Chemist: 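Below is one structure. I have some questions about it.
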Amino acid sequence: MIYFFSGTGNSLRLARQLAAQLGERLLPMTEAVGTAPSFATNHEALGLVFPVYAWGLPLVVDQFVAALPHPAAAVPKRYVYAVLTCGDDIGQTDRLLRSALGRRGWELSAVFSVQLRNTYVCLPGFDVDTPALTATKEARTEARLGDIVERIRSRSASSAADITPGAFPWLKSRVLRPLFNRFLTADSHFRCNSPVCTGCGRCAKACPLGNIDIDASSRTPRWKGHCTHCLACYHACPHHAINYGFFTQGKGQVAIIR
Ligand SMILES: Cc1cc2nc3c(=O)[nH]c(=O)nc-3n(C[C@H](O)[C@H](O)[C@H](O)COP(=O)(O)O)c2cc1C
Ligand code: SF4
Ligand code: SF4
C-alpha cells in the first residue's frame, strides 16, 4: 500500500510508477487522514511518497502522519519505506519523518530521495529548472526508480547514499524550515492579477486541498486559509495571473501532471 501526496504531480507520477512496478495499491493521503491502513497480508509494505517542502514534510503530510493509527500490536514488524521527491536536497527530512512516524509507533525501514523538476519559485534566486536540467533529471529517474523498486522488493534498509541531504542540513531543516513555515506559507500572500484572469477555474481544480473557490461576483480565485503551499495554483494558471508576494513575477511555471 502506497500513500502519496503531490502538489504539481512529480510525486504522483513517481508514486504511480512505483505502484505499477510493485503491484501495490495507491491512496491519496488527503483522503486517508486518521484512517488505519488495511493491509492484505502481514508481509505487505507501507509506502509513503511525497515532495520535500522547505527541507521537511509538507504540512498536509505532517498532519497525515500525526493522525496515523498505531500499528496492530500482534502483527510482526512491517517494512515501511518513504520516497521523497525534491528539486535538489532534502536537508533532514528523513529524520523528521522518522521521528514523526516513531511518535505513532511506526519504524521507518528505508528512505530514498529522487531529484525531479523544481517547483519552488517564491523567493529571489529560486526558479523552475531549465529544459536541459529537467531532461537530465528525467533521464536519471528511470534507473533510480529501478534501483528503488529492487530495494523495496527485497525489503532492504537504505543507506546514507540513498538520500541527498545537501549542505547544512541541520540548519535548513531545524532553523530555516520553521521560519519558512511561519512566515512564507500563508495563502494570504497569493494575489490574482484580475485584468488577466479569465475565471477559468484551473487554479481551483489544481488545488489538492480544495482550498480555492472562484468568487461568483469577481470571477477570480479566493483562497480559503488551509493551504499546504504546494504552488499548484500558481503553476496551473494559463495566464500567469497568480503571484505569491513580490518575487514570482516573470518566474517560470511547470505543467501540472495529473
Ligand atoms: C513550497 C516548496 C518548497 C520546496 N522545498 C524544497 C526543498 O527544501 N528542497 C528541494 O530540493 N526541493 C524543494 N521543493 C521542490 C519540490 O520538492 C519538488 O519539485 C517536488 O518534486 C515537487 O513535487 P510535487 O510535484 O509532487 O508537489 C519545494 C517546492 C515547494 C513548492
Ligand atoms: S491554495 Fe495553492 S498553494 Fe495552497 S494548497 Fe492549494 S494549490 Fe497548493
Ligand atoms: S487559473 Fe488563472 S485565469 Fe484561471 S481562474 Fe485561476 S487565476 Fe484566473
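The structure displayed is predicted, hence computed values, not measured ones. In listed order, ligands and their atoms are each counted from 1. Computed over heavy atoms, backbone and side chain alike; hydrogens, waters and symmetry mates excluded.
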Chemist: Check this for me - ligand 1, W55, N or O atoms closer than 3.5 angstrom, yes or no?
Modeler: yes

Chemist: Verify whether one side chain among N118 and D88 offers a donor that lies under 3.5 Å from an acceptor in the other.
Modeler: no

Chemist: With a cut-off of 4.0 Å, which atoms of ligand 1 are near a heavy atom of G7?
Modeler: 24 (P), 26 (O), 27 (O)

Chemist: Students should be able to answer this: which protein heavy-atom is nearest to atom 5 (S) of ligand 2, and at what distance?
Modeler: T228 N, 3.5 Å

Chemist: Considering only heavy atoms, does C230 approach ligand 1 within less than 4.0 Å through its side chain, its backbone, both, or neither?
Modeler: backbone

Chemist: Output the distance between atom CG (D89) and atom OG (S113), rounded to the nearest 0.5 Å.
Modeler: 9.0 Å

Chemist: Please state which part of T85 comes within less than 4.0 Å of ligand 1, counting heavy atoms only: side chain, backbone, both or neither.
Modeler: both

Chemist: Is it true that the side chains of S194 and T220 contain a donor and an acceptor less than 3.5 Å apart?
Modeler: no

Chemist: Please check whether F180 reaches ligand 1 - meaning an N/O of the residue sits under 3.5 Å from an N/O of the ligand, judged on distance alone.
Modeler: no

Chemist: Out of V52, T119, L231, L14, indicate the one that has the non-hydrogen atom closest to atom 14 (N) of ligand 1.
Modeler: V52

Chemist: Is there a donor-acceptor contact under 3.5 Å linking the side chains of N243 and R191?
Modeler: no

Chemist: Give me the residue, atom name and distance of the protein heavy atom closest to atom 2 (C) of ligand 1.
Modeler: Y120 CD1, 3.4 Å

Chemist: Check each of A54, S113, P51, P208 against atom 4 (C) of ligand 1 and report the one with the nearest heavy atom.
Modeler: A54

Chemist: Any nitrogen or oxygen of G87, main chain or side chain, under 3.5 Å from a nitrogen or oxygen of ligand 1?
Modeler: yes

Chemist: Quick check, are the ring centers of F180 and Y120 under 6.0 angstrom apart?
Modeler: yes

Chemist: Does Q115 approach ligand 1 within less than 4.0 angstrom via side chain, backbone, both or neither, non-hydrogen atoms only?
Modeler: neither

Chemist: Could you tell me the separation between the CE atom of M1 and the CG atom of L48, rounded to the nearest 0.5 Å?
Modeler: 11.0 Å

Chemist: Using a cut-off of 2.8 Å, how many protein N, O or S atoms sit around atom 2 (Fe) of ligand 2?
Modeler: 1

Chemist: Using a 6.0 Å distance limit plus a 45 degree cone around the ring axis, check whether R78 lies over the aromatic ring of F39.
Modeler: yes

Chemist: Does I242 have a heavy atom less than 4.0 Å from any atom of ligand 3?
Modeler: yes

Chemist: Can you name the side-chain contact (heavy atoms from CB on, under 4.5 Å) partners of T228, sequence neighbours left out?
Modeler: F5, P58, L59, V60, L209, C230

Chemist: Is it true that A236 lies under 4.0 Å from ligand 3, counting heavy atoms only?
Modeler: no

Chemist: Within the 4.0 Å heavy-atom shell around G199, which atoms of ligand 3 are there?
Modeler: 5 (S), 8 (Fe)

Chemist: Among W223, Y234, F190, F126, which one satisfies ring pair (Phe, Tyr, Trp, His ring centres under 6.0 Å) with Y244?
Modeler: F190

Chemist: Enter the distance from K137:NZ to T134:OG1 here, rounded to the nearest 0.5 Å.
Modeler: 7.0 Å

